[in-house]
Amino acid sequence: MARRLRPVGADFVENAPLRLVFARVVTAPPEAVFRSLAEDVSGWSEWFSAVTLARPTQDGAGREVRLRGGTRFEETVLVARAFELYAYRVDVTNAPGARALVEEWRLTPDGTGTRVQWTFAADGTALFRAALTLGRAGLGRAFRDAVTALDRRLASTPA
């Protein structure tokens, strides 16, 4: 059953009860990574294996995302600052126990590549927070695999 979550802002990333932060350096430049995150939303399923469907909604101000296993999200894009920052809030989900969720993708030039930092900020029931904490290693692995696949995809795409 889908539930509406608390409408938090971009600052929730800094003060959420639970923050999981992962980072990796890729060879692709920030411009290419940003375009894949913010402009090619439908392409997420091609490089993030947990994502089965991603599509922009509300003329790009929102997103619909479905994950393997059946989890669904309706999201609002909070920040899309070209080549630096992409953040979105989950408004509606069927994930049990969630109360508020924001994901932030921060891009920083690193030599000729990009340092990609993903922050998963959440609030929810004690069981929800415990499950995320226990699942930290799996989320980290999913992030690393996804960003690595994205980097390979961008390297094989003509400029």
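- L78 is connected to V8 through a chain of hydrophobic side-chain contacts under 4.5 Å among Ile, Leu, Val, Met, Phe, Trp and Tyr, so both are in one cluster.
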(message) Between N94 and R3, is the side-chain contact (heavy atoms from CB on, under 4.5 Å) condition met? List the steps.
(response) CA-CA 6 Å; N94 63 342; R3 287 177 324 288; 5.7 Å; no
(request) Assess whether side-chain contact (heavy atoms from CB on, under 4.5 Å) is satisfied between L154 and S36, documenting all intermediate values. (result) CA-CA 9 Å; L154 293 172; S36 293; 3.4 Å; yes
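- Rounding to the nearest 0.5 Å places CZ of F128 at 10.0 Å from OG1 of T133.
- Note on V102 and V51: separate hydrophobic clusters, where clusters join Ile, Leu, Val, Met, Phe, Trp and Tyr whose side-chain heavy atoms are under 4.5 Å apart, directly or indirectly.
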(message) Could you go through R81 and Y86, starting from their C-alpha distance and side-chain angles, then the distance that decides it, and tell me whether this counts as side-chain contact (heavy atoms from CB on, under 4.5 Å)?
(response) CA-CA 6 Å; R81 189 165 51 242; Y86 185 60; over 6 Å; no
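- Residues G43 and W47 share a closest heavy-atom pair of O-CD1, 3.2 Å.
- Side chains of T93 and T71 form a contact here, defined as non-hydrogen atoms less than 4.5 Å apart.
- A donor-acceptor distance shorter than 3.5 angstrom exists from the side chain of D151 to the backbone of T27, with no hydrogens or angles considered.
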(request) Report the C-alpha separation of R106 and E104 in whole Å, then their side-chain angles, then the decisive distance to 0.1 Å, and conclude whether the salt bridge (charged side-chain N to carboxylate O under 4.0 Å, His left out) test is met. (result) CA-CA 6 Å; R106 188 170 293 277; E104 176 190 85; 3.2 Å; yes
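- V90 and L18 fall within the same hydrophobic cluster, where Ile, Leu, Val, Met, Phe, Trp and Tyr residues are linked whenever their side-chain heavy atoms come under 4.5 Å apart, directly or through other members.
- Linking ILVMFWY residues whenever their side-chain heavy atoms come closer than 4.5 Å, directly or via other members, places F143 and L20 in the same cluster.
- Here the straight-line distance linking atom CG of L150 with atom CZ of F48 works out to 10.5 Å at 0.5 Å rounding.
- Using a 4.5 Å cut-off on side-chain heavy atoms (C-beta onward), S45 and T52 make no contact.
- Annotation: the span from E74 atom CD to T57 atom OG1 amounts to 7.5 Å, rounded to 0.5 Å.
- For the pair R89 and F12, the cation-pi criterion (under 6.0 Å, within 45° of the ring axis) is not fulfilled.
- Between E84 and F34, the closest heavy-atom pair is N-CD1, 4.2 Å.
- Using a 4.5 Å cut-off on side-chain heavy atoms (C-beta onward), F73 and L67 make contact.
- In this structure, the side chains of R19 and E14 come closer than 4.5 Å at one or more pairs of heavy atoms.
- The distance from atom CD of E64 to atom CD of E75, rounded to the nearest 0.5 Å, is 9.5 Å.
- In plain terms, the two heavy atoms of P30 and G113 that are nearest each other are CD-O, 3.9 Å.
- The shortest side-chain heavy-atom distance between V33 and V116 falls under the 4.5 Å cut-off.
- Residues L37 and L85 do not share a hydrophobic cluster, defined by chaining ILVMFWY side chains whose heavy atoms lie under 4.5 Å apart.
- The salt bridge (charged side-chain N to carboxylate O under 4.0 Å, His left out) test with D40 is passed by exactly one of R55, R35, R153: R153.
- Side-chain contact check for R24 and T148: at least one donor-acceptor pair (N or O, by modelled atom type) lies under 3.5 Å.
- A perpendicular orientation is assigned to the rings of W105 and W44, their planes being inclined by more than 60° (bins at 30° and 60°).
- Note: L107 CG to E31 CD = 9.5 Å, rounded to the nearest 0.5 Å.
- The shortest non-hydrogen separation linking R129 to P17 is CD-CB, 4.2 Å.
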(message) Could you go through D123 and L5, starting from their C-alpha distance and side-chain angles, then the distance that decides it, and tell me whether this counts as side-chain contact (heavy atoms from CB on, under 4.5 Å)?
(response) CA-CA 10 Å; D123 188 16; L5 303 188; over 6 Å; no
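- To the nearest 0.5 Å, the span separating CZ on R136 from CG on L132 amounts to 10.5 Å.
- For the pair S49/R68, a side-chain contact is recorded, criterion being any heavy-atom separation below 4.5 Å from C-beta on.
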